[in-house]
Amino acid sequence: MREVRERCVWSQRITHRDLVPYLIEESHEVIDAVENGTRDDLREELGDLLWQVLFHAAIAAQDPTDPFDIDDVAATLTEKMVRRHPHVFAGETATTPDEVLVHWNAAKTAEKRTRRSVLDGIPRGMPALALAQKVAGRAAGVGVDVAGAGVAAPTGAGTAPTGSGTAPAGSVPTTEAELGDALLALVAVARSEGWDAERALRERLRRVEDEVREAESRP
């Protein structure tokens with residue numbers, strides 16, 4: 001990475017902001033390799049994602065006012081993981097995944113004392129379904145039920161109160177706003193069942209793609 005940064009004219013001009021589209025693309029390629037690829041695919045895509053981390057660290061190391069390098073990144077990560085695993089490093093006890101989460105969330109809360117809202121820290125650039133599921137989880141933590149806040153519940157997902165402008169439960173949306181309500185209700189169902197809404201749609205789309213290719217191959 002140092003050699004590339006020093007000797008490649010293109011790489012010398014790249015900034016953190018310039019790299020963002022590549023980071024997004026490489027992250028999705030890792031996801032695709034996990035869900036639909038081979039072990040060789042996953043090894044290659046993890047390497048490409050690692051390259052993005054190394055690239056950002058190399059750019060950061062040249063910052064004139066606040067430089068840091070890959071060793072600083074690793075040290076910060078190590079300190080964080082030690083804090084968030086007191087059952088591994090500090091004599092606390094956790095015998096179930098739920099108990100591990102208690103320690104993790106307590107450490108995370110202590111680290112983020114300056115945050116004023118449970119919504120602080122959620123990346124706004126997340127895909128909409130994944131963002132909705134994240135927000136729904138944080139909302140539940142403060143007693144806000146997005147499935148019951150004027151959002152229509154889809155057929156088979158129980159009954160939720162309907163608010164002004166919200167379609168009746170189980171009905172077909174007739175406006176874009178009602179479509180948003182219906183999608184949010186489905187995301188709330190996914191969260192309550194422990195499902196990943198974004199992955200569910202991706203996997204369903206893959207089946208559609210298979211059907212399209214099969215149709216295209218017919219004489």
Side-chain angles (χ1 to χ4, degrees), residues 1-5 14-20 22-35 37 39 41-127 130-144 190-199:
M1 184 68 250
R2 292 190 186 98
E3 289 285 319
V4 168
R5 184 70 174 168
I14 292 296
T15 67
H16 290 298
R17 187 177 293 273
D18 294 332
L19 278 181
V20 167
Y22 302 101
L23 178 61
I24 294 171
E25 179 180 348
E26 298 298 353
S27 298
H28 283 288
E29 288 181 358
V30 169
I31 293 169
D32 192 56
V34 168
E35 295 180 352
R39 298 290 292 175
D41 293 334
L42 179 57
R43 183 171 63 241
E44 178 181 354
E45 297 306 338
L46 285 172
D48 290 346
L49 186 59
L50 176 59
W51 183 257
Q52 294 300 305
V53 176
L54 294 170
F55 209 150
H56 277 285
I59 295 170
Q62 296 176 330
D63 187 274
T65 58
D66 187 18
F68 60 83
D69 61 16
I70 191 65
D71 291 329
D72 297 317
V73 172
T76 300
L77 175 62
T78 299
E79 292 168 4
K80 179 190 291 186
M81 290 303 104
V82 169
R83 284 195 308 272
R84 294 190 183 183
H85 291 82
H87 53 292
V88 176
F89 299 105
E92 298 289 346
T93 300
T95 58
T96 68
D98 286 342
E99 290 175 352
V100 171
L101 284 178
V102 169
H103 291 307
W104 178 278
N105 290 330
K108 188 172 182 178
T109 298
E111 294 166 8
K112 310 297 182 182
R113 290 192 192 94
T114 58
R115 289 184 176 175
R116 298 181 178 180
S117 168
V118 296
L119 302 178
D120 291 346
I122 297 178
R124 308 314 298 180
M126 291 176 68
L131 177 61
Q133 193 154 352
K134 190 80 170 177
V135 170
R138 297 284 182 90
V142 294
V144 176
R191 193 196 70 81
S192 67
E193 295 291 340
W195 301 333
D196 185 326
E198 194 79 24
R199 182 174 63 228

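As a basis for the values below, the full set of heavy atoms in this structure was taken, side chains included, without hydrogen atoms, waters or symmetry mates. All values reported here derive from a predicted model rather than from experimental measurement.
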Spacing of [X] atom [atom1] and [Y] atom [atom2] [to the nearest 0.5 Å]:
X	Y	atom1	atom2	result
Gln62	Phe68	CD	CZ	12.0 Å
Met1	Asp69	CE	CG	13.0 Å
Arg5	Ile59	CZ	CD1	4.5 Å
Lys134	Glu198	NZ	CD	13.0 Å
Thr76	Asp71	OG1	CG	10.5 Å
Asp32	Leu42	CG	CG	11.0 Å

Inset, instruction - Assign the ring pair His16 / His56 to parallel, tilted or perpendicular, where the plane angle (0 to 90°) is split at 30° and 60°. - result: parallel
Inset, instruction - Describe, in one word, how the ring planes of Trp51 and Phe55 are oriented to each other, choosing from parallel (under 30°), tilted (30 to 60°) and perpendicular (over 60°). - result: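 The rings of Trp51 and Phe55 stand perpendicular, inter-plane angle above 60°.
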Below 4.5 Å, heavy atoms only, C-beta onward: do [X] and [Y] meet side chain to side chain?
X	Y	result
Thr95	His87	no
Glu79	Val82	no
Val53	Ile70	yes
Ile31	Val34	no
Glu92	Glu99	no

Any donor-acceptor pair under 3.5 Å linking the side chain of [X] with the backbone of [Y]?
X	Y	result
Glu29	Leu49	no
Asp63	Ala60	no
His103	Thr93	yes
Gln133	Ala197	yes

Legend entry - Residue pair Asp120, Ser117: steps toward the side-chain hydrogen bond (donor to acceptor under 3.5 Å, both in side chains) verdict: CA-CA 5 Å; Asp120 291 346; Ser117 168; 4.5 Å; no
Inset, instruction - Write down the atom of Asp41, the atom of Gly37, and the distance for their closest heavy-atom approach. - result: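 Shortest heavy-atom separation between Asp41 and Gly37 comes out as OD2-CA, 3.5 Å.
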Legend entry - Derivation and outcome, side chain to side chain contact (heavy atoms under 4.5 Å, CB included), residues Glu45 and Asp48: CA-CA 5 Å; Glu45 297 306 338; Asp48 290 346; 3.4 Å; yes
